[in-house]
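Not measured: the values here are computed from a predicted model. Atom set for the values below is all heavy atoms of this structure, side chains included, hydrogens, waters and symmetry mates excluded.
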Amino acid sequence: MRLALTLALPLMALALPAAAQDHSAHAHHQDEAAQEAEKPDHSSHEHPVEEAVEDHSGHAMPDHSAHAQHEEKPQEDHSGHAMPDHSAHGQHEEKPQEDHSGHAMMADHSMHQVGDVPQGPPPPEAFEGPQHAADAIFGAEAMAEARANNHATHGDMLTGTLMAERLEARFKDGEEGFLWDLQGWYGGDIDKFVLKSEGEGEFGGEIEDAEIQALWGHAIGPFFDLQAGARIDLEPDTRSHLVLGIQGLAPYMWHVDGALFLSDRGDLTSRIEGEYDQKITQALILQPRVELELSAQDIPERAIGAGLTKIEPGLRLRYEIAREFAPYVGVEYEAKLGETADIARAAGEDPDALVALVGIRAWF
């Protein structure tokens with residue numbers, strides 16, 4: 001009996017600490033459960049609720065975010081640690097709308113601020129006041145000067161330019177000649193004075209053709225001007241004409257100049273020119289150009305027959321050293337047509353020729 005007690009006492013001594021540890025752990029869990037039950041629920045309040053934050057040991061701190069909002073997750077910084085989320089402040093406050101990417105959007109109240117667009121003319125009340133109400137405050141003289149300045153700086157400015165479309169030397173069949181095609185204008189956007197001059201001849205020889213036109217130009221649309229005036233031929237003989245034409249920018253960016261000429265001898269002729277600037281680079285430009293001439297009747301003293309009298313298609317390649325100055329080289333085909341070609345052959349002349357040319361295009 002004494003021997004049994006001697007062996008049991010050490011065994012009981014070993015068992016008592018383990019039982020005490022289990023009892024203390026059980027009591028600790030009960031205390032934590034009681035503390036959790038006693039903690040106030042912050043889900044119904046609008047105070048900030050701190051989200052779970054991981055300490056540096058990797059263990060998560062208590063997370064109360066579920067009491068505030070079930071769907072919100074703590075944000076993470078680049079190190080992977082959770083960051084405080086204050087998005088649960090005040091569940092009853094209105095939250096901004098979100099687009100499909102998750103970004104918050106500002107509320108759009110513009111639809112509540114725009115009414116129906118008024119239809120029809122202004123109401124009669126809009127015309128009951130004086131025509132220039134500011135005259136009563138600043139004086140009629142001061143306001144008249146201000147309105148004049150406003151008109152002058154909004155489309156009523158007077159400007160001008162002088163352009164040499166073609167100043168070129170021409171080489172064909174062993175002959176060397178020259179040609180000029182000048183145009184200048186001065187005025188406003190609606191009305192302007194236009195001056196044109198064309199002519200050609202041979203180096204060391206006589207001028208074969210020379211003319212000057214003085215025209216009034218009036219805008220008939222955003223891209224075209226109606227032109228009317230007079231033309232005087234200086235060579236091969238002196239002759240005057242009435243001129244009616246149009247000039248402007250046609251579809252596909254073609255620059256067009258067409259006119260009818262009625263001479264003081266009753267001859268009716270026409271000329272149409274068209275050219276297009278094809279940019280190869282900002283400074284290198286290829287320009288196709290074509291010119292047609294027609295006559296309503298025979299003009300024997302000028303060796304012209306009725307119908308289509310001449311066509312001149314060509315290509316010019318220019319390089320703009322500056323926008324205002326561009327040398328060019330090119331080639332052009334000259335051909336007299338119809339009865340005019342027959343008259344040239346009868347006189348022993350070649351009705352067509354290929355012309356090499358070099359020139360300058362400039363404006364001031």
Side-chain angles (χ1 to χ4, degrees), residues 148 150-168 179-200 209-234 239-264 267-279 285-296 308-314 316 318 320 323-326 328 359-364:
N150 182 68
H151 294 163
T153 55
H154 290 77
D156 197 29
M157 295 179 291
L158 299 179
T159 58
T161 187
L162 176 62
M163 176 175 287
E165 288 279 1
R166 294 179 294 164
L167 286 176
E168 59 191 36
L179 178 145
W180 76 85
D181 182 1
L182 309 176
Q183 181 174 171
W185 56 266
Y186 181 81
D189 292 339
I190 305 300
D191 296 291
K192 57 176 66 73
F193 170 74
V194 181
L195 184 67
K196 299 180 181 181
S197 179
E198 291 187 30
E200 59 182 317
D209 293 291
E211 66 179 49
I212 298 175
Q213 299 182 43
L215 308 170
W216 164 73
H218 179 75
I220 56 175
F223 304 106
F224 275 94
D225 286 353
L226 177 68
Q227 297 178 344
R231 163 187 156 187
I232 297 178
D233 292 348
L234 303 177
R239 189 173 298 190
S240 59
H241 304 256
L242 295 176
V243 182
L244 180 64
I246 60 170
Q247 184 174 4
L249 189 63
Y252 303 101
M253 304 300 290
W254 276 87
H255 296 265
V256 176
D257 186 359
L260 292 171
F261 307 102
L262 180 62
S263 74
D264 54 2
D267 302 325
L268 181 63
T269 57
S270 176
R271 181 189 302 148
I272 302 172
E273 302 174 8
E275 58 192 36
Y276 174 79
D277 287 348
Q278 176 62 58
K279 285 184 176 292
I285 300 170
L286 180 66
Q287 183 191 73
R289 184 181 185 278
V290 62
E291 179 176 336
L292 298 172
E293 291 187 7
L294 302 93
S295 178
L308 187 60
T309 62
K310 186 171 67 172
I311 184 171
E312 295 181 357
R316 290 168 173 79
R318 71 175 184 265
E320 292 184 343
R323 294 298 182 187
E324 302 86 356
F325 184 82
Y328 63 85
I360 294 173
R361 182 181 187 268
W363 55 273
F364 311 93

**Report entry** Inter-residue atom distance L182.CG - L167.CG, 0.5 Å rounding
**Finding:** 5.5 Å
Query raised in the report: Which pair of non-hydrogen atoms, one from A228 and one from L244, has the smallest distance, and what is that distance?
Result: CB-CD1, 4.2 Å
Report summary line: F325 and A362 have their tightest heavy-atom pair at CD1-CB, 4.3 Å
Requested in this report: Inspect the contact between E165 and R289 and indicate whether a charged nitrogen and a carboxylate oxygen are less than 4.0 angstrom apart.
Outcome: no
**Report entry** Check: R323 main-chain N/O paired with W363 side-chain donor or acceptor under 3.5 Å
**Finding:** yes
Query - Spacing of CG belonging to L158 relative to OH belonging to Y186, to within rounding of 0.5 Å - result: 4.5 Å
Report summary line: Correct closest heavy-atom pair for I212 and L234 would be CD1-CD1, 4.2 Å
Query raised in the report: Which distance, rounded to the nearest 0.5 Å, do you find between the CG of L179 and the CD of E312?
Result: 8.0 Å
Query - Shortest non-hydrogen contact from S270 toward A259 - result: OG-O, 3.2 Å
Requested in this report: Check whether any side-chain heavy atom of Y276 sits under 4.5 Å from a side-chain heavy atom of L286, and report yes or no.
Outcome: no
Requested in this report: Measure the CG-CD distance between D209 and E200 for me, rounded to the nearest 0.5 Å.
Outcome: 5.5 Å
Requested in this report: Indicate yes or no: at least one non-hydrogen side-chain atom of I190 is less than 4.5 angstrom from one of H218.
Outcome: yes
Query - Test: D233 and R231 ion pair at under 4.0 Å - result: yes
Query - Distance in Å, K192 NZ paired with T161 OG1, rounded so as to fall on 0.5 Å steps - result: 11.5 Å
Query raised in the report: So do the side chains of L260 and L242 get within less than 4.5 Å of each other, counting heavy atoms only?
Result: no
Query raised in the report: Does Q213 have any side-chain hydrogen bond (donor to acceptor under 3.5 Å, both in side chains) partners at least two apart in sequence or in another chain, and if so, which?
Result: E211
Query raised in the report: What do you reckon, is CD1 of I220 surrounded by more than 12 foreign heavy atoms closer than 6.0 Å?
Result: yes
Query - Test side chain to side chain contact (heavy atoms under 4.5 Å, CB included) applied to D267 - qualifying residues, sequence neighbours left out - result: R239, S263, R265, Q297, I299, E301
Query raised in the report: CZ of F223: more than 12 outside heavy atoms within 6.0 angstrom?
Result: no
When the side chains of residues 246-255 are checked against the rest of the protein, which donor-acceptor pairs come out under 3.5 Å, sequence neighbours left out?
{"unit_1": "Q247", "atom_1": "OE1", "unit_2": "K196", "atom_2": "NZ", "d": "3.2"}
{"unit_1": "Q247", "atom_1": "OE1", "unit_2": "Q227", "atom_2": "NE2", "d": "2.7"}
{"unit_1": "Q247", "atom_1": "NE2", "unit_2": "Q183", "atom_2": "OE1", "d": "2.9"}

Query - Rounded distance [0.5 Å steps], CG in L294 versus NZ in K310 - result: 11.5 Å
Report task. Could you tell me which non-hydrogen atom of T269 sits nearest to which non-hydrogen atom of S295, and how far apart they are? Result -> CG2-OG, 4.0 Å
Requested in this report: List the atom of F261, the atom of V243, and the distance in Å for their closest heavy-atom pair.
Outcome: CD2-CG2, 3.7 Å
**Report entry** Side-chain ion pair, R316 and E275, N-O less than 4.0 Å
**Finding:** no
**Report entry** W185 side chain reached by M163 side chain, heavy atoms, under 4.5 Å
**Finding:** no
